[in-house]
Trainee: 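Please read through the structure below; I'll follow up with questions.
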Amino acid sequence: MSGLTPSETEGCRHLLGLLNNDEITALCDTVTNRLVHPEDRQDAIRAILVYSQSVEELLKRKKVHREVIFKYLTTQGIIIPPATEKHNLIQHAKDYWQEQSKNKFQTPDSVTKKEKVQLLQQAKEDKKAEKVDFRLLGKEFCHWFFELLNSQNPLLGPPQDEWGPQHFWHDVKLRFYYNTSEKNVLDYHGAEIVSLRLLSLVKEEFLFFSPNLDSHGLKCASSPHGLVMVGVAGTVHRENTCLGIFEQIFGLIRCPFVENTWKIKFINLRIVGENSLAPGTLPKPAVTFEQSDLEAFYNVVTLCGNSEVKLNVRQALDSGTGDQLLNKRELSLPNLP
């Protein structure tokens, strides 16, 4: 009686598993016109699947919220913009299940051909990666990041684009050093928290970050594992007042699900207020570590193939910081108390 294919049935079963018991019961009553009285949750899900005439009919139900479909697609590794409308999410789910259905009926020959195509595509991607200009990547990233962040400042008018956790890996970490009226170090974990903390700097504290993207203000390096590190320095402003300088390190990793997209894995941000600098001096903002320091962070040059490489990269990814870089150069910032 069900109008769902086997792949759609299995997919909808997992999707319905994201609903709570009350939602499942209410949806079962709607689909069956209260003619079926399930004994438990699983019985109710079976009834929903059996009595649904089509996958569109089921997913368009008001009780199947847009957020539930989005969450299901995310668990399947399908990355979609959070603002995607419900009807588009339904189409993504249908396409995914249709592809799964095709894969089940592939012959060994077709699988072999598909693998060959994938290998050729991967080879092309590898060649592209070898030609990546990481300095240009870092420069373009900084243009995008600071333009987007600064646009959230209400003093500059309405935001140009949407700021949010979608730009970060879910386990991103932020270490925030500041030396203004007081000296402090704060750690933040998770895409939502990190996104909100950075947003508060411009939206609530009305700061404006002006990066110096010349040869002194921008340093970039990459590891063989795909981690790209971008160091940038600049000045911090509020309206017409220059408040001090900042130095920031980003750890970027390419998103495998969206072409030509990089997401932020960790951030180290240091802000030094003008009052903490020598009286009457405000040096041209410059990154106070060298590119070799970025490379030494994961020993990309001297320790390739050694277990110490794994240790240093693990520190980068698990701690979410490049602390040894900032700590190494801590005394080089002018007149830190």
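Here the structure is a predicted model, which means the values were calculated and not measured.
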Trainee: Rounded to the nearest 0.5 Å, how far does CG of Leu252 lie from OG1 of Thr261?
Mentor: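 CG of Leu252 is found 12.0 Å from OG1 of Thr261.
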Trainee: Just so I know, are the side chains of Ile253 and Leu227 near enough to count as touching, which here means a heavy-atom distance under 4.5 Å?
Mentor: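 Yes; the side chains approach each other to less than 4.5 Å.
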Trainee: Does some side-chain heavy atom of Phe141 sit less than 4.5 Å from a side-chain heavy atom of Trp262?
Mentor: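 No; the side chains remain at least 4.5 Å from each other.
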Trainee: Between the main-chain N or O of Ile249 and the side-chain N or O of Arg270, is there a donor-acceptor pair closer than 3.5 Å?
Mentor: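 Pair absent, no side-chain N/O of Arg270 close to backbone of Ile249.
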Trainee: Is the NZ atom of Lys263 crowded by more than 12 outside heavy atoms at less than 6.0 Å?
Mentor: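 Counting other residues, nucleotides and ligands, NZ of Lys263 exceeds 12 neighbours.
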Trainee: Evaluate the side-chain proximity of Lys265 to Asp171: yes if any heavy-atom separation is below 4.5 Å, no if none is.
Mentor: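 Asp171 vs Lys265: side chains touch.
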Trainee: Between Tyr178, Phe146, Phe176, Phe208, which is the residue that forms a ring-ring contact (aromatic ring centres under 6.0 Å, His included) with Phe246?
Mentor: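 By the ring-ring contact (aromatic ring centres under 6.0 Å, His included) criterion, Phe246 pairs with just one of Tyr178, Phe146, Phe176, Phe208: Phe146.
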Trainee: Would you mind reporting whether Ser210 and His237 have side-chain heavy atoms less than 4.5 Å apart?
Mentor: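 They are in side-chain contact.
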Trainee: Thr25 versus Cys28: any side-chain heavy-atom pair under 4.5 Å?
Mentor: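 No, their side chains stay 4.5 Å or more apart.
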Trainee: Could you pull out the closest heavy-atom pair between Lys86 and Arg61, with the gap in Å?
Mentor: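 Looks like NZ-O, 2.9 Å.
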Trainee: Backbone N or O of Leu49 within a donor-acceptor pair of the Ser52 side chain at under 3.5 Å?
Mentor: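 Not at all, since once roles are kept as given, no pair shorter than 3.5 Å links the two residues.
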Trainee: For residues Arg41 and Leu19, report the shortest heavy-atom separation together with the two atoms involved.
Mentor: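 Minimum heavy-atom separation between Arg41 and Leu19: NH2-O, 2.7 Å.
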Trainee: Applying side chain to side chain contact (heavy atoms under 4.5 Å, CB included) to Glu23 and His65, what does each step give before you reach the verdict?
Mentor: CA-CA 10 Å; Glu23 290 170 331; His65 306 297; 3.8 Å; yes
Trainee: Would you check if Leu58 and Leu27 make a side-chain contact, meaning some heavy-atom pair closer than 4.5 Å?
Mentor: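 Side-chain contact under 4.5 Å: yes.
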Trainee: Is the backbone N or O of Cys220 less than 3.5 Å from a side-chain atom of Arg135, with the two atoms forming a donor-acceptor pair by type?
Mentor: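 Absent.
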Trainee: Apply ring-ring contact (aromatic ring centres under 6.0 Å, His included) to His167 and list each qualifying residue two or more places apart in sequence or on a separate chain.
Mentor: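 Trp144.
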Trainee: Which value, rounded to the nearest 0.5 Å, describes the distance between Lys60 atom NZ and Ile69 atom CD1?
Mentor: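 Nearest 0.5 Å value for the NZ-CD1 distance: 10.5 Å.
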Trainee: Taking C-beta and beyond as the side chain, do Gln98 and Glu8 meet within less than 4.5 Å on heavy atoms?
Mentor: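 They are not in contact (no side-chain heavy atoms under 4.5 Å apart), so the answer is no.
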Trainee: Given 3.5 Å as the limit, does a donor-acceptor pair link the side chain of Asn88 with the main chain of Thr84, or not?
Mentor: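 No; zero donor-acceptor contacts below 3.5 Å.
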Trainee: Within the side chain of Ser195, is there an N or O that forms a donor-acceptor pair under 3.5 Å with the backbone of Glu192?
Mentor: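 No, because the side chain of Ser195 does not come within donor-acceptor range (under 3.5 Å) of the backbone of Glu192.
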Trainee: Just one of Val202, Val232, Thr235 clears the side-chain contact (heavy atoms from CB on, under 4.5 Å) bar with Phe209, so which one?
Mentor: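 Of the listed residues Val202, Val232, Thr235, the side-chain contact (heavy atoms from CB on, under 4.5 Å) partner of Phe209 is Val202.
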Trainee: Working to the nearest 0.5 angstrom, can you tell me the gap between Trp97 CH2 and Thr9 OG1?
Mentor: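 So the CH2 of Trp97 and the OG1 of Thr9 are separated by 9.5 Å.
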Trainee: Which heavy atom of Gln100 sits nearest to which heavy atom of Ser7, and what is that distance?
Mentor: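 In terms of heavy atoms, the two residues are closest at C-OG, 4.1 Å.
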Trainee: CD1/Ile45 to SG/Cys12 distance, rounded to the nearest 0.5 angstrom?
Mentor: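 One finds 11.0 Å between CD1 of Ile45 and SG of Cys12.
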Trainee: Would a distance-only check, ignoring hydrogens and angles, find a side-chain to backbone donor-acceptor pair under 3.5 Å from Lys139 to Leu218?
Mentor: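 No, because the side chain of Lys139 does not come within donor-acceptor range (under 3.5 Å) of the backbone of Leu218.
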Trainee: Supply the atom-to-atom distance Phe250 CZ to Cys142 SG, rounded to the nearest 0.5 angstrom.
Mentor: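 The SG atom of Cys142 is 5.5 Å from CZ of Phe250, to the nearest 0.5 Å.
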Trainee: Can you tell me how far OG1 of Thr32 sits from CD1 of Ile48, rounded to the nearest 0.5 angstrom?
Mentor: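 Answer rounded to 0.5 Å: 8.5 Å.
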Trainee: Return the minimal non-hydrogen interatomic distance between Arg34 and His37, and the atom names on each side.
Mentor: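 Minimum heavy-atom contact is O-CE1, 3.5 Å.
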Trainee: Would you say the side-chain atoms of Asn33 pair up with the backbone N or O of Leu35, donor to acceptor, closer than 3.5 Å?
Mentor: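 No, the answer is negative, given that no donor and acceptor are paired below the 3.5 Å cut-off.
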Trainee: Under the criterion side chain to side chain contact (heavy atoms under 4.5 Å, CB included), I'd like the reasoning laid out for Ile264 against Phe145: C-alpha separation, chi angles, the key distance, then a yes or no.
Mentor: CA-CA 10 Å; Ile264 302 169; Phe145 178 85; 3.9 Å; yes
Trainee: The criterion is ring-ring contact (aromatic ring centres under 6.0 Å, His included); which residues satisfy it with Tyr96, sequence neighbours excluded?
Mentor: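 ring-ring contact (aromatic ring centres under 6.0 Å, His included) check on Tyr96 returns nothing, list empty.
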Trainee: Does Val68 form a side chain to side chain contact (heavy atoms under 4.5 Å, CB included) with Tyr72? I'd like the steps, not just the answer.
Mentor: CA-CA 6 Å; Val68 173; Tyr72 166 78; 5.7 Å; no
Trainee: Would you say the side chain of Ile271 lies within less than 4.5 Å of the side chain of Leu269, judging by non-hydrogen atoms?
Mentor: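 Side-chain contact under 4.5 Å: yes.
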Trainee: Measure across Phe206 and Pro154 and return the closest heavy-atom pair with its distance rounded to 0.1 Å.
Mentor: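 In this case the closest contact between Phe206 and Pro154 is CE2-CG, 3.4 Å.
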Trainee: Before giving the answer on side chain to side chain contact (heavy atoms under 4.5 Å, CB included), spell out for Asp187 and His189 the whole-Å C-alpha distance, their side-chain angles and the decisive distance to 0.1 Å.
Mentor: CA-CA 7 Å; Asp187 290 307; His189 306 275; 4.0 Å; yes
Trainee: Could you state whether Leu198 and Leu186 fall into the same hydrophobic cluster, counting links through intermediate Ile, Leu, Val, Met, Phe, Trp or Tyr residues with side-chain heavy atoms under 4.5 angstrom apart?
Mentor: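 Yes: a chain of side-chain contacts under 4.5 Å links Leu198 to Leu186.
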Trainee: Give a yes-or-no answer on whether the side chains of Asn268 and Arg175 include a donor-acceptor pair shorter than 3.5 Å.
Mentor: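 Per modelled atom types, Asn268 and Arg175 side chains form no pair under 3.5 Å.
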